[in-house]
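All of these numbers come straight from a predicted model, not from anything done at the bench. The analysis underlying the following values was restricted to heavy atoms, covering all of them including side chains, and did not include hydrogens, waters or symmetry mates.
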Amino acid sequence: MSTPDADGLLAEQLLRLTRRVHRIQKRHLEGSELGITPAQSRLLRVLAQYGAPPSMADLARHLEVVPRAVTTLVDGLESRGSVRRAPDPGNRRVIRIEITDDGRQALKELRRARRVAAEEILAPLSDRQREVLGGLLSALLDDPDVPPGAPARCGPAEAPATGQQHART
């Protein structure tokens, strides 16, 4: 008789939870009328973490995508007025990406949609269970003080907006 693969089961549960989070977030994004895709949302969140406008190459590195993918995301956000391209004053070949006031407003709406999605997912858990889950997830993250997709070193003026912090266990 074989024993169940506990690590395999955990891996499957994590993948299923990730897919559920994405589905719920996508549903809330579609309902928000922002017209922003989950990938564009991620780019806005990362962009907001920088103290100074990053280059396209910086964004590609932090998003772990090819530069062409960043170009497509920026094109879509720029057409909505959420970001703008700006020349680098020190190197005319480099383009910096700035978040606009409209982009900051969209980011507020996106954060609200993410909180609603998180509340929906976490609804069955007690406060203590949420605290334990937060500690466990923090222990699994590469850098628990930095939100996923954000630059690892933002600078002191740009502390990540992560909400409630959980103690590591």
Side-chain angles (χ1 to χ4, degrees), residues 11-86 88 94-122 130 133-134 136-166:
E12 180 61 29
Q13 288 173 316
L14 286 171
L15 289 172
R16 287 176 51 210
L17 180 59
T18 300
R19 285 192 298 262
R20 183 171 178 223
V21 168
H22 285 286
R23 276 193 316 271
I24 292 170
Q25 181 180 351
K26 185 176 179 182
R27 187 178 74 229
H28 285 282
L29 284 176
E30 289 168 352
S32 71
E33 297 180 16
L34 286 174
I36 293 177
T37 68
Q40 290 171 334
S41 169
R42 183 172 175 230
L43 186 137
L44 276 179
R45 288 192 317 269
V46 169
L47 189 57
Q49 297 298 318
Y50 281 90
S55 69
M56 300 277 267
D58 291 335
L59 289 170
R61 262 190 310 281
H62 290 294
L63 292 169
E64 298 179 347
V65 298
V66 296
R68 177 69 189 122
V70 172
T71 301
T72 301
L73 293 173
V74 169
D75 287 348
L77 289 169
E78 189 176 40
S79 71
R80 289 177 174 72
S82 298
V83 301
R84 70 177 149 259
R85 288 174 166 89
D88 183 298
V94 174
I95 299 296
R96 301 276 173 188
I97 306 303
E98 300 174 339
I99 190 166
T100 64
D101 289 341
D102 285 348
R104 289 184 211 298
Q105 187 60 40
L107 196 52
K108 286 180 186 177
E109 275 297 308
L110 293 166
R111 286 180 177 142
R112 185 199 60 74
R114 289 181 72 195
R115 279 192 302 275
V116 169
E119 288 170 12
E120 184 176 326
I121 289 169
L122 298 173
R130 289 177 188 210
L133 177 61
L136 293 170
L137 292 173
S138 290
L140 297 174
L141 295 173
D142 290 336
D143 186 347
D145 296 326
V146 178
R153 303 283 181 249
C154 306
E158 292 294 319
T162 59
Q164 183 179 2
Q165 297 293 318
H166 298 283

Distance-minimising heavy-atom pair for E98 and P53
CG-CG, 3.5 Å
CD1 of I99 to CG of L77, rounded to nearest 0.5 Å, is 8.5 Å
Partners passing salt bridge (charged side-chain N to carboxylate O under 4.0 Å, His left out) against R115 (at least two apart in sequence or in another chain)
none
Using side-chain heavy atoms (C-beta onward) and a distance below 4.5 Å, is R45 in contact with L110?
no
Side chains of L107 and L47 in contact at under 4.5 Å (non-hydrogen atoms):
no
Any donor-acceptor N or O pair under 3.5 Å, side chains D58, S55:
yes
Here the pair of heavy atoms bringing S82 nearest to I36 is OG-CD1, 4.4 Å
Rounded to the nearest 0.5 Å, what separation is found between the CZ atom of R130 and the CG atom of L137?
13.0 Å
Over all heavy atoms of both residues, which pair between E120 and R20 is shortest? Give the atoms and the distance, please.
O-NH2, 4.3 Å
Take a 6.0 Å sphere around CZ of R19 and say whether it holds more than 12 heavy atoms from other residues, nucleotides or ligands.
yes
Side chain proximity check, R96 to Y50, heavy atoms < 4.5 angstrom:
no
Would you compute the distance between atom OG1 of T100 and atom CZ of R84 and round it to the nearest 0.5 angstrom?
6.0 Å
Check whether any side-chain heavy atom of Q105 lies under 4.5 Å from a side-chain heavy atom of D102, and answer yes or no.
no
Are L133 and L122 close enough that some pair of their side-chain heavy atoms sits under 4.5 Å apart?
yes
Apply the test side chain to side chain contact (heavy atoms under 4.5 Å, CB included) to residues R85 and D75: give CA-CA distance (whole Å), side-chain angles for both, the deciding distance (0.1 Å), then the verdict.
CA-CA 9 Å; R85 288 174 166 89; D75 287 348; 2.6 Å; yes
Under the side chain to side chain contact (heavy atoms under 4.5 Å, CB included) criterion, do L136 and L140 qualify, and how do the steps go?
CA-CA 7 Å; L136 293 170; L140 297 174; 5.6 Å; no
Does any non-hydrogen side-chain atom of L44 lie less than 4.5 Å from one of V83?
yes
Check this for me: E64, atom CD, are more than 12 non-hydrogen atoms of other residues, nucleotides or ligands nearer than 6.0 Å?
no
Donor-acceptor under 3.5 Å (R80 side chain, G76 main chain)
yes
I need the M56 CE to T71 OG1 distance, nearest 0.5 Å.
3.5 Å
